[in-house]
Amino acid sequence: MGALHKGHISLIKRARKIAGRQGTVAVSIFVNPTQFGPKEDLSKYPRPVSEDNAICRDSDVDLLFRPTPEDMYFEDRSIWVNEEVLSKTLCGASRPGHFRGVCSVVAKFFNILQPDIAIFGEKDWQQLTIIRRMVRDLNFPVEICGAPIVREKDGLAMSSRNRYLTPTERQAAPALYQALLEALSLYRSGEVKTSRLTSRIKKIIGGIPGARVDYIQVVESESLKSVSIIQKPATIALAVFFGKARLIDNIQLSAK
């Protein structure tokens with residue numbers, strides 16, 4: 001959605017590596033209104049157009065697709081792409097209608113641009129999982145490639161919404177990743193009860209002034225089903241508010 005940072009640049013670099021010099025790398029930038037709720041930050045979402053354009057030029061992008069809402073949506077639109085299982089948890093539970101907007105616009109992008117491969121970051125693990133399911137279920141002829149989370153030196157996952165953080169909030173926000181690492185360490189030491197993993201995270205985040213938890217959950221990585229005992233590859237995912245900034249992050253747990 002723009003406000004590009006090093007995380008986005010890593011996606012572009014991955015695309016170029018896959019495509020090679022003979023292939024075409026396209027970037028879509030679109031602040032999609034249909035994935036924002038009525039009380040969310042659509043009007044305030046950062047839109048540094050010139051800065052984003054320069055990053056794309058410097059990153060060897062062949063095609064920058066930057067439509068307007070009027071380009072993408074008819075006023076009397078009545079068709080949506082709606083995922084009905086994976087979107088019921090995590091961000092989907094706290095942001096009703098969000099993934100209907102995501103799936104609908106990504107499906108439109110696939111139809112317009114017709115890519116062979118599409119690359120999505122793993123920071124929004126739920127989004128990546130839902131897009132993979134949509135491609136599978138609707139037989140889109142596109143391969144979905146996930147790309148690792150890119151972090152600041154202090155561990156904070158890079159995000160366009162990090163721009164919202166005050167200096168004090170920015171100093172505190174890396175504790176999210178530290179909490180996830182604590183839970184990972186606990187899991188690696190033999191703990192498989194998810195309640196104990198999430199309790200450790202809640203204790204750490206609870207000590208951060210101004211932090212407000214939206215959710216902290218452990219889910220099976222592919223099905224996104226909540227689990228009480230980890231027996232398959234799992235993901236610890238969280239969303240936490242710092243002031244007006246809602247930050248998400250996750251960490252992967254391999255099955256033992």
Side-chain angles (χ1 to χ4, degrees), residues 1-36 41-42 44-73 101-132 134-136 138 140-165 170 174 177 245 247-252:
M1 293 200 299
L4 303 182
H5 50 67
K6 290 180 181 178
H8 296 115
I9 294 171
S10 75
L11 306 183
I12 296 170
K13 288 181 177 179
R14 178 169 289 233
R16 174 56 67 196
K17 183 176 181 179
I18 294 171
R21 301 313 311 175
Q22 301 303 313
T24 299
V25 172
V27 170
S28 63
I29 296 180
F30 181 59
V31 181
N32 177 31
T34 67
Q35 68 189 64
F36 286 79
D41 57 345
L42 173 61
K44 297 180 180 179
Y45 197 85
R47 296 169 173 83
V49 175
S50 296
E51 181 181 328
D52 287 348
N53 289 348
I55 288 174
C56 287
R57 283 194 299 269
D58 293 343
S59 300
D60 198 22
V61 171
D62 298 301
L63 170 65
L64 174 56
F65 181 57
R66 188 193 287 277
T68 66
E70 292 73 25
D71 293 328
M72 295 300 295
Y73 295 111
V102 169
C103 287
S104 296
V105 79
V106 172
K108 289 169 74 69
F109 283 161
F110 288 170
N111 283 331
I112 293 167
L113 297 173
Q114 298 187 13
D116 297 298
I117 298 171
I119 302 175
F120 290 82
E122 294 179 353
K123 182 170 73 72
D124 193 334
W125 184 260
Q126 184 176 24
Q127 174 178 269
L128 173 60
T129 304
I130 288 172
I131 295 301
R132 282 173 169 157
M134 181 183 76
V135 164
R136 185 199 74 177
L138 298 184
F140 277 102
V142 56
E143 177 185 345
I144 303 301
C145 177
I149 298 171
V150 177
R151 300 184 180 278
E152 303 286 358
K153 290 182 179 180
D154 57 11
L156 179 64
M158 290 188 176
S159 169
S160 300
R161 286 189 168 94
N162 290 349
R163 297 178 180 223
Y164 296 155
L165 298 171
R170 176 61 187 83
Y177 185 49
L247 306 184
I248 62 172
D249 203 347
N250 70 78
I251 203 163
Q252 302 299 313

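In this text the structure is predicted, and so the values were computed from the model without any measurement.
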Check: Residues in side chain to side chain contact (heavy atoms under 4.5 Å, CB included) with E51, at least two apart?
Finding: P48, I55, R163
Notebook entry, point to check: Checking side-chain contact (heavy atoms from CB on, under 4.5 Å) for the pair F110/M134: CA distance, chi angles, key distance, verdict?
Noted result: CA-CA 11 Å; F110 288 170; M134 181 183 76; 4.2 Å; yes
Notebook entry, point to check: Donor-acceptor pair, R47 side chain versus M1 backbone, under 3.5 Å?
Noted result: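 No, R47 side chain to M1 backbone: no donor-acceptor pair under 3.5 Å.
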Margin query: Under a 3.5 Å distance rule, please check whether D62 uses its side chain to pair with a backbone N or O of V25 as donor and acceptor.
Written below: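 Yes; judged by distance alone, with no hydrogens or angles, the pair exists.
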Ignoring hydrogens and angles, write down the donor-acceptor pairs under 3.5 Å from the side chains of residues 5-13, residues two or more places apart or on other chains.
| unit_1 | atom_1 | unit_2 | atom_2 | d |
| --- | --- | --- | --- | --- |
| H5 | ND1 | G7 | N | 2.9 |
| H8 | ND1 | H5 | N | 3.1 |
| S10 | OG | G7 | O | 2.5 |

Residues [X] and [Y] bridged, charged N to O under 4.0 Å:
{"X": "R57", "Y": "D52", "answer": "no"}
{"X": "R151", "Y": "D249", "answer": "yes"}
{"X": "D60", "Y": "R21", "answer": "yes"}
{"X": "R161", "Y": "D41", "answer": "yes"}

Next item on the list: Applying side-chain contact (heavy atoms from CB on, under 4.5 Å), run through V102 and I131 and close with a yes or a no.
Entry: CA-CA 9 Å; V102 169; I131 295 301; 4.2 Å; yes
Next item on the list: Please check if the distance between the ring centroids of F109 and F65 is under 6.0 Å.
Entry: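 Yes, close enough.
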Note to self: How long is the straight-line distance from CG of N162 back to CZ of R170, given to the nearest 0.5 Å?
What the structure shows: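 One finds 6.5 Å between CZ of R170 and CG of N162.
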Margin query: Tell me the closest heavy-atom pair linking V105 and M72, and the distance in Å.
Written below: CG2-CE, 4.1 Å
Check: Can you list the residues that meet the ring-ring contact (aromatic ring centres under 6.0 Å, His included) rule with Y73, with sequence neighbours excluded?
Finding: none
